[in-house]
Amino acid sequence: MCGLLGSFWVKPPSDREAVFSTALAMQKHRGPDDKGIKSFTIGESAYLSLGHARLSIIDLSANGHQPMRSQCSKFEIVFNGEIYNYLELKDELVNLGYIFESESDTEVLLNAWIEWGEAVLPRLEGMYSFCIFDLVQESVTLIRDPFGIKPLFVHHSNSQLIFSSELSSVLALMTKDFKIDHQTAFNYLNHGFYDNTESTFIADITHVQPAHITKYCLKTNSCIKNARWWFPCIEEKKWTFEEAKTALRAAFLDSIKKHLRSDVPIGCALSGGVDSSAIVCSIRFLYPELPINTFSYIAQDESISEECWVDVVNEHVSAKSHKVYADHADLSSSINELVEVQGEPFGGTSIFVQKKVYEAARSAGVKVTLDGQGADELLGGYSGYPGQIIHSLIDKGRFISALSFLVKWKSWPNRSLKEGLLSTIWSFMPHSWFEYYQKITGKAESPVWLDAKVLHNENVDVFRRKAQYVSPVKGRRLMTRLANGLTVSGLQSLLRHGDRNSMSASIESRVPFLTIPLVELVLSFPEEFLVSKHGATKHIFKEAMRGIVPDEILDRKDKVGFTTPEYSWMQSLRTEITEQIVNNEAPDFVKKDLLIKEIDAVLDGKKTFGWHVWRKVNYMRWYSSLYKVRTGSNV
């Protein structure tokens, strides 16, 4: 797990080496154990620099140093991530005649690319972004893992190509002034969407999308390929429930085994929910004597605390428990650092306590953690996607089953008939109707605290766009939604939070629910295996974990989630929030006085509280920090 950086200049500046070294130093938290830089002249005067900051996890020796040159001297790699099935791939390559000089997964990945090219990508079980520099073709190929676990930012202009694990490094190397992306800002502030397209909060800087490959010809400074290399197959296969349950149990345990491959200490983030509990308990099931360290945030508000469930799991596996606590004062003292760590605006205050969990792991001497992220998106969690399930049943002409499901679904805690019906209407509503609905209800209008004229001049689309699923399949609406959420829109923001927070503490956070074999297995099941006819979410996974996870965890009907007492925290920080907005620069589309009135109305109880309050506060703080970087101001 590391940080990578690359910069190609058509006309390199005289101080290119110093500037590049400074930009790479911004990623030291990603890789405090080693640093490497190589430079190459392209053509007569163009210049490419590759940099790497290493967090040593597998093969701690100098043999894992990057950038790494292939033995044939035709390729150079910089790689951020882990390939968990590298041992299996290495055996294949050895049988094909490859000789290895290290025990690292980087060398395996490099040789696998040489042998199989793009065809190897669906075979990789891991999280990664990497660059392959072809010294013969003078081309750069950028690849990102199927779910977007590891970041990869890109800036491409007529004079420059930059790619990096950190947005700050890109900004440091850009030769042109940067501007905010108004559309991304509006989508975040008004709709709560972010990290769901290739755009970032900075204009002219994009993400390589999950499961995408992008190739640049350096001779012409042009992008010659940008394509998706994988999308989950959702075709239903013939399974009995028992067959599927057995296969899922075996696949999940296999994923846990591979995710435990490490030459440094490993711990687990434990919330007390089914997903993180399954990881912890599976480790104990596989390795009865292995020491287990767990790290948990414990809310001081008993109504949202999951400490009792955390204790159940820790006692079951005889783990060493590390508990993390936080209050509004902690948030106040850390908020500027948190905004800097995330690099871009983000969701609610739960991201703050997540960061504290990783810091606790680092303090305990743990360098790798396993995390349950992605399980809800894979297994039909959250509220169980009732609209998609009912839509699938109606596709099949099973109208009575659809009605029966709705009635049983709504009987679970924190659900309602209204929610189920709205979800169903949403699923059926064509996009053209949805746009018309926004017009007649006034939801297509900008809030009063946003300057509509500025947004119009920036060609901002004010509509909330309905997600366009990839290859929707009748009767498989749930699986379509899950596949889309895993790889297109939904999970990426959560993975971003985890990546930035864990790497800020130099921790490698692994997510064993997110591998191609496990995802394609689950998405081949009948939909009612995931969400039962009675509305139980993650149905087959819970049954697969019987005998591994305590029944009292598997049979929980409440779902607290990773939650903080956000309303009380915002109340406590109210004066600080107002002063920060008043005293700092605002973007051109925000009316500060009306924004403050909007926040006051919510905190006074005159308007409904939600995480939209944090979005406003967070964006203004982020913009303030960005403004200082851009102008060199001390505002």
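Bear in mind the structure is a predicted one, so any value in this text is a computation, not a measurement.
Here the side chains of H316 and I553 are not in contact, with every heavy-atom distance at 4.5 Å or above. T200 is not listed as a side-chain neighbour of T184, based on a closest heavy-atom distance of 4.5 Å or more. Counting heavy atoms from C-beta outward, H212 and R144 have side chains that stay 4.5 Å or more apart. In this structure, the side chains of F346 and F352 stay at 4.5 Å or more apart for every pair of heavy atoms. Residues R476 and E236 meet the side-chain proximity criterion, which asks for heavy atoms closer than 4.5 Å. R284 places none of its side-chain heavy atoms less than 4.5 Å from the side chain of V280. Between V324 and V353, the closest side-chain pair of non-hydrogen atoms is not below 4.5 Å. In this structure, K533 and S401 have side chains that are not in contact, with every pair of non-hydrogen atoms separated by 4.5 Å or more.
Pairing each heavy atom of T197 with each of Q209, the nearest pair is O-OE1, 3.3 Å. The nearest pair of heavy atoms linking W449 to L595 is CB-N, 3.6 Å. Considering every non-hydrogen atom in both L248 and I540, the closest pair reads CD2-CG2, 3.8 Å. Of all non-hydrogen atoms in D327 and Q300, the two that sit nearest each other are CB-OE1, 3.9 Å. Across P386 and G420, no two heavy atoms sit closer than the pair CG-CA, 4.4 Å. Shown here for S416 and W409, the closest heavy-atom pair between the two residues is O-CZ3, 3.3 Å.
Within 6.0 Å of atom NZ in K237, 12 or fewer heavy atoms from other residues, nucleotides or ligands are found, so the atom counts as exposed in its surroundings. Counting heavy-atom neighbours within 6.0 Å of Q571 CD, excluding the residue itself, gives a total above 12. Residue-environment remark: NZ (K396) exceeds the threshold of 12 foreign heavy atoms within 6.0 Å. Within a 6.0 Å radius of NZ in K323, more than 12 heavy atoms belonging to other residues, nucleotides or ligands are found.
Here the two rings, on F147 and W230, have centers that are under 6.0 Å apart. Under the 6.0 Å cut-off for aromatic ring centres, W622 and F201 qualify, their centroids lying closer than that. Taking the six-membered ring for Trp and the full ring otherwise, F241 and F525 have centroids separated by 6.0 Å or more.
Salt-bridge annotation for K238 and E243: absent, with no side-chain N of the basic residue lying under 4.0 Å from a carboxylate O of the acidic one. Salt bridge absent: D555 and K542 never bring a charged side-chain N and a carboxylate O closer than 4.0 Å. Looking at D604 and K597, no side-chain N of the basic residue comes within less than 4.0 Å of a carboxylate O on the acidic one, giving no salt bridge. For R556 and E306, the salt-bridge test passes: some basic side-chain N is under 4.0 Å from an acidic carboxylate O.
The main-chain N or O of K258 is never found under 3.5 Å from a side-chain atom of N85 such that the two would form a donor-acceptor pair. A donor-acceptor pair is defined here as one N or O able to donate and one able to accept, closer than 3.5 Å; no such pair exists between the side chain of D451 and the backbone of F589. Between the S392 side chain and the R477 main chain, a donor and an acceptor come within less than 3.5 Å of each other. In this structure, the side chain of E566 engages the main chain of T349 through a donor-acceptor pair within 3.5 Å. The backbone N or O of K150 lies less than 3.5 Å from a partner atom in the side chain of D145, making a donor-acceptor pair. D499 contributes no side-chain N or O that, together with a main-chain N or O of L495, makes up a donor-acceptor pair within less than 3.5 Å. Under a 3.5 Å cut-off, the side chain of S404 and the backbone N or O of I400 do not form any donor-acceptor pair. Put simply, the side chain of S255 gets close to the backbone of P512: a donor and an acceptor are under 3.5 Å apart. W309 places no side-chain N or O within donor-acceptor distance of the main-chain N or O of S271, the cut-off being under 3.5 Å. Looking only at distances, no side-chain donor or acceptor of Q388 sits under 3.5 Å from a matching main-chain atom of S427.
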| said: What verdict does the side-chain contact (heavy atoms from CB on, under 4.5 Å) test give for K257 and L286, after you've listed the backbone C-alpha separation in whole Å, the side-chain angles of each residue and the deciding distance to 0.1 Å? | reply: CA-CA 8 Å; K257 283 182 183 178; L286 290 166; 3.5 Å; yes
| task | Apply side-chain contact (heavy atoms from CB on, under 4.5 Å) to the pair L530 and L378, showing each step before the final yes or no. | result | CA-CA 9 Å; L530 271 64; L378 173 61; over 6 Å; no
| task | Decide side-chain contact (heavy atoms from CB on, under 4.5 Å) for M545 and S282; before the verdict, give the C-alpha distance in whole Å, the side-chain angles of both, and the deciding distance to 0.1 Å. | result | CA-CA 8 Å; M545 291 293 102; S282 293; 3.9 Å; yes
| side-chain contact (heavy atoms from CB on, under 4.5 Å) between I283 and C268: does it pass, once the steps are laid out? | CA-CA 10 Å; I283 293 173; C268 294; 3.4 Å; yes
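In this structure, a donor-acceptor pair under 3.5 Å is absent between the side chains of Y194 and Q492. Checking S532 against H539 by side-chain atom types alone, no donor-acceptor pair falls below 3.5 Å. For the residue pair D275/Q373, the side-chain donor-acceptor check at 3.5 Å is not satisfied. Side-chain atoms of S509 and D371 form no donor-acceptor pair, as typed in the model, at a separation below 3.5 Å.
Test R574, K607, K606, K616 against D600 for salt bridge (Lys or Arg N to Asp or Glu O under 4.0 Å) and you get one pass: R574.
Atoms CZ and CG, from F513 and L486 in turn, are 12.0 Å apart once rounded to the nearest 0.5 Å. Summarising the geometry, atom CG belonging to L379 is positioned 9.0 Å from atom CG belonging to L523; distances are rounded to the nearest 0.5 Å. Rounded to the nearest 0.5 angstrom, E125 CD and H259 NE2 are separated by 8.5 Å. Distance check: R496 CZ to I149 CD1 gives 16.0 Å after rounding to the nearest 0.5 Å. Rounded to the nearest 0.5 angstrom, R615 CZ and F193 CZ are separated by 9.5 Å. Rounding to the nearest 0.5 Å gives a distance of 12.0 Å between CG of L270 and CG of L370.
The aromatic rings of H391 and F428 lie parallel to each other, their planes meeting at an angle below 30°, with 60° marking the opposite boundary.
Geometrically, R481 does not engage Y382 in a cation-pi contact, judged by NZ or CZ lying under 6.0 Å from the ring centre and within 45° of the ring axis.
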